Amino acid sequence: MDDDLDLVERFQNGDKSAFDIIVNKYRDKIYDIVYSHIRNVEDSYDLSQDVFLKVFKSLGSFRKKSSFYTWLYSIAINVCIDHSRKKKRQPAVPIEDWMQLSESIDNINSGDGYSPLCAVELKELKHQLAWAIDQLPPKQKTVFILKRQQGLSLEEISNIMGRSVGTIKAHLFHATTKLTNLLKNYLQ
Amino acid sequence: MKCRNIKKKLLDYIDGILSPKDIELVEEHISKCDSCHHEMEILNNLSGFIHKTDYPPASIWENFLSDLHKRIDRESVISFVEEQKRRIYVSIGWAVAATSAVIFLMASILIEYKLDDIRVHQNSNINVSSKTDDEKYLSAEIVSKNTSGDKRGTDLKNLQNINEAIYIQPNYNYYSNVYESQNQSNLDNESELDASPLYEDPLEDYYNDNKDYYVSSSGSI
C-alpha cells in the first residue's frame, strides 16, 4: 500500500505515468466490483472508466487521510450506486427477462467437471443468483459483494463505506438472509 | 443456544473468524438442529457461486487504458470550454453591474440637482418689489447659504433664471448663519440696514466686480 502512496505522490508532482500504473494495477478489481453490481459487460466497462476518470480528476487533491485503495473503492461504490439510482427509474426486470439480459453468465466451461444436466442447473442457479443480488437494497448489495466476492474484511468495508463495523455486519446479515430466502429452492 | 443466535454466527463460522469457543458451540448446535444445518449448507453454496466475473473480449479489454486517455483528453477540452464560457458570463455580469451602478449614480446626481432647484424655490421668500441692487445680491447670497453652502455662483444663477426678487429677513447674522430674531422687521428703515454688519460683506467687492454676471439684461434678478 505504500507503493500506492508513492504513486500518488509522483502523480501530484507531475508524473502522469504514475496514473497509468495505478490503472493497470486496479483495473481488474474495479471491474469486478462494478460488474458484480450491474452484471452487464458493456456498462461495466464504461463505468470502470468513469471510476478512473473521477480518480484522475481528484487524485491531485487526495490528502492521504485514508489508504488509497479505500478511497478508490469508495469512488467505485458511489459510481455503482449512482448507476443503480438511475436504473431504478426504469421498470424492474422480471426474472424471465433477466436470463436473457445476463447472457454473459452463460459461459460455463465444460472443463469444470459438471455433467450436462448439472451444467443446466448451475446455469439456472447463476441466473437466479444474479437476479437475487440485484434485488438487494444498494448498501446491502455493496457490502455483500465486497465481502463475498472481493474478500475484504469487515474493517476494510467499514472504511470504504464510512460506516461502523456493526452497521456493516448488520447489512451483511440482512443481505444474506434475503438471498437465502430468495434462493432456497435452488440452494438445497 | 437458540437457533436465532446460531444463525447470526453462521456467516462468521463459514468465514472462519469465530473464536474457538463459538466454533464449538455452533458445531454442537448444527449437529443436532436440522434447520440450522440446512441454513449453513445454503450459505456455503451461496458463497461458492458468486465469484465468477465476465470480462469483455480481449481485444477490447487491452485497449482499456488508451480508451481512458481518450476520454480524459475529451473531458479536458470540454472542461476548458466550459471554463471559458463561465468566465465570459462572469465578465458580462460584472459589466452589466458596473453599467447599472454608473447609471444609478448619474440618476441620483441628476435627481439631487433637480431637488436643489426645488429647495431654492421653497426657501425663497417671494417679494416684493423695490429693492436696491445691493439688497437683491445680499438676499440672494443669504438664500444660497441656506440651501447649498458654497454654491453661490450656481444658486445665484438659478435665482436669475427664476427671476424672482427675494425678501430680506432682517436680523440675520451673515457671519454666523443664524437668525438672531424671529421677528421680521420692515426693510423700509434703511438706516437699520446701514448699521447692520450685514453690509460689511467681505465678498461685496466680488459681487460688485461681477455685477454684470448676476444681473440679467432685463435688470431683474
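These numbers were taken from a predicted model, which means no experiment stands behind them. Letters go in sequence order (proteins before strands), and every chain restarts at 1.
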Does the side chain of B:S79 pick up a donor-acceptor pair with the side chain of B:S76 at under 3.5 Å? no
Least distance between heavy atoms, B:P56 atom then A:V41 atom: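 In this case the closest contact between B:P56 and A:V41 is CA-CG1, 3.6 Å.
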Just wondering, more than 12 heavy atoms not from A:R27 lying within 6.0 Å of its CZ?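 Yes - once you tally the heavy atoms of other residues, nucleotides and ligands closer than 6.0 Å, there are more than 12.
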Measure distances from [X] to the heavy atoms of chain B and classify the residue's part below 4.5 Å as side chain, backbone, both or neither.
X	value
A:D28	both
A:S48	both
A:L172	both
A:Y45	both

In sequence, state the C-alpha distance, the side-chain angles, and the governing distance for B:R86 and B:E82, and then conclude on salt bridge (charged side-chain N to carboxylate O under 4.0 Å, His left out). CA-CA 6 Å; B:R86 189 192 67 83; B:E82 292 294 321; over 6 Å; no
Could you tell me whether A:K25 and A:D3 make a salt bridge, using a distance below 4.0 angstrom between a side-chain N and a carboxylate O? no
B:D12 versus chain A, heavy atoms under 4.5 Å apart: side chain, backbone, both or neither?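 Only the side chain of B:D12 comes within 4.5 Å of chain A.
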At a 4.5 Å cut-off on heavy atoms, which part of B:L10 comes close to chain A: side chain, backbone, both, or neither? neither
